[in-house]
Protein chains: 2
Amino acid sequence: MMKDKTICPRFESALDILNKRWTGLIIFQLLEGAQRFSSIESSIGISGRVLSERLKDLEKYGIVERKVYNETPVRIEYGLTEKGRALEPVLNSIQHWAEGWIDNETLI
Amino acid sequence: MMKDKTICPRFESALDILNKRWTGLIIFQLLEGAQRFSSIESSIGISGRVLSERLKDLEKYGIVERKVYNETPVRIEYGLTEKGRALEPVLNSIQHWAEGWIDNETLI
DNA sequence: AATATTAACTTACTTTATGTAACTAAGTAT
DNA sequence: ATACTTAGTTACATAAAGTAAGTTAATATT
C-alpha cells in the first residue's frame, strides 16, 4: 500500500519518533532530570536491549544527550536537550487529556 | 524486567493507546472529518490488516465511532467521538513542536 | 441465470520489532 | 588473580506489522 501524499513532513517525522514504543515514557522520565541507564530501565520496565536502541535514536535526533562521568564504576547519565525539553507541552497535553477522558474501565 | 512503580496510571493508559504505531496519524486524519476505511488506508499508507485492528481498538476505547450506511455498495464511515476530538490539542502540540524543532536533516 | 463489480474486511504467510537472559568490557577493590 | 559494579551487547524466542490473495454481501451487467 502506497500512501497518497504527505500532509506535513515535519509532523510525520515527529510522529515517527514519538509514536515508537517507549519513547513517550522515556522522555517523561527524563523531564524529571538526567538519569542513568539502569534507573530508566527499572523505572519504566523497558528491556535493556530496546532502551539502548531508543537512547541511541533519541541521541541521534538531538532529543537526548549522553554524559560520561569518569567515576568508579563509570557513571553515564542521559538527559534531555533543549529540543527534548521542548516536548514537555506535548506530554502535558497527553496527561491533561488522560485526566479528563481515561475512565476506570479503560484503566483495567 | 519489572518496573518500579506507576507514575500516573491514566497517563500510562493514554500512552499505551497513543504510542502505538499509526494511532496518531489515524486520529490526525479523522480530525478532518469522518472517513471510509479505504480512504484512511490510502491516505496514510497503513496496511488493511493493521488498520482494521487499530480501528477496532480505537472504537473499544471510545475514541472512534463506526457508522454504517446501507447504500450500494455499503458505506462505512469512521469518525471521532468527543473523546477523540479532545485529542486535537495533543496533535496540535506535536505539530507545533515539529515546526520548531524538526530540521531538514531529520526530515530526510 | 451466471458473471462481474465494489467496499470492507479477513486469512495465511513473511518480515520486522521487542522481550529474555546470558555474556562482555573497563575500572577498581580484595 | 579474582571479584564487583555499571553499561551495555549478543543470541535466541515471541509478538507485532506488512503483503497479497481470498471472502462476503448487495447490486449491475451480459
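Numbered from 1 within each chain, the chains take letters A, B, ... in sequence-line order. FYI, side chains are in, hydrogens and waters are out, and symmetry mates aren't considered; it's all heavy atoms of this structure.
When rounded to the nearest whole Å, the span between CD1 of A/I40 and P of D/dA7 equals 9 Å. To the nearest angstrom, P of D/dA7 lies 15 Å from CD1 of A/I46. For the pair A/N70 CG and D/dT6 C1', the interatomic distance rounds to 13 Å; values are reported in whole Å. The distance from atom CG of A/L51 to atom P of D/dA7 is 10 Å, rounded to the nearest whole Å. Nucleotide C/dA17 holds its C1' atom 9 Å from the CZ atom of B/R21, rounded to whole Å. For the pair A/N19 CG and D/dA16 P, the computed distance is 16 Å after rounding to whole Å. Separating the NZ atom of A/K67 from the C1' atom of D/dA7 is a distance of 18 Å, rounded to the nearest angstrom. Atoms OH (A/Y69) and C1' (D/dT5) sit 19 Å apart, rounded to a whole Å.
Partners of B/V74 under the side chain to side chain contact (heavy atoms under 4.5 Å, CB included) rule, at least two apart in sequence or in another chain, are B/V68, B/N70, B/I76. For B/R21, there are no side chain to side chain donor-acceptor pair (under 3.5 Å) partners at least two apart in sequence or on another chain. For B/N19, the side chain to side chain contact (heavy atoms under 4.5 Å, CB included) criterion is met by A/N19, B/L15, not counting sequence neighbours. Residues meeting the side chain to side chain donor-acceptor pair (under 3.5 Å) test with B/R36, sequence neighbours left out: none. In this structure B/A34 satisfies the side chain to side chain contact (heavy atoms under 4.5 Å, CB included) test together with B/E77, sequence neighbours excluded.
Near-neighbour residues of DNA chain D inside residues 57-64 of chain A, defined by a heavy atom below 4.0 Å, are absent.
In this structure, the side chains of B/W22 and B/L51 stay at 4.5 Å or more apart for every pair of heavy atoms. The side-chain heavy atoms of B/Y78 and B/I26, taken from C-beta on, include no pair separated by under 4.5 Å. In this structure, the side chains of B/I27 and B/L18 come closer than 4.5 Å at one or more pairs of heavy atoms.
Among residues at least two apart or in separate chains, there is no salt bridge (Lys or Arg N to Asp or Glu O under 4.0 Å) pair with a member in residues 82-101 of chain B. Listed by first then second residue, pairs satisfying side-chain hydrogen bond (donor to acceptor under 3.5 Å, both in side chains) with a partner in residues 48-65 of chain B read B/R49-B/E53, not counting sequence neighbours.
Remark: A/L30 CG to A/L58 CG distance equals 8.5 Å, nearest 0.5 Å. Note that OG of A/S43 is 8.5 Å distant from CG of A/L25, once rounded to the nearest 0.5 Å. Taking NE2 of A/H96 as the reference point, atom OG of B/S93 lies at 12.0 Å (rounded to 0.5 Å). To the nearest 0.5 angstrom, B/I17 atom CD1 is 13.0 Å from A/W101 atom CH2.
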**Complete:** Letter by letter from the 5' end, nucleotides 5-14 of chain C scores (B base, S sugar-phosphate only, - none; protein heavy atoms under 4.0 Å) -BSSSBBB--

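Close to C/dT18, at under 4.0 Å from its OP1 or OP2, lies a side-chain N or O of A/R54.
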**Message:** Is there a side chain to side chain contact (heavy atoms under 4.5 Å, CB included) between A/I102 and A/W97? Walk through the geometry before answering.
**Reply:** CA-CA 8 Å; A/I102 301 286; A/W97 178 82; 3.7 Å; yes

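Taking a cutoff of 4.0 Å between a charged side-chain nitrogen and a carboxylate oxygen, B/K3 and A/E41 do not qualify as a salt bridge.
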Any protein N or O atoms within reach of nucleotides 22-24 of chain D? Criterion: under 3.5 Å, listing atom names and distances.
none

Listing time: all N or O pairs from protein to nucleotides 27-30 of chain D that are below 3.5 Å?
unit_1: D/dT27; atom_1: OP1; unit_2: B/T72; atom_2: OG1; d: 3.0

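Terminal axes of the helix from C/dA1-D/dT30 to C/dT30-D/dA1 (five pairs each, C1' rotation axis) are separated by 30°, to the nearest 10°.
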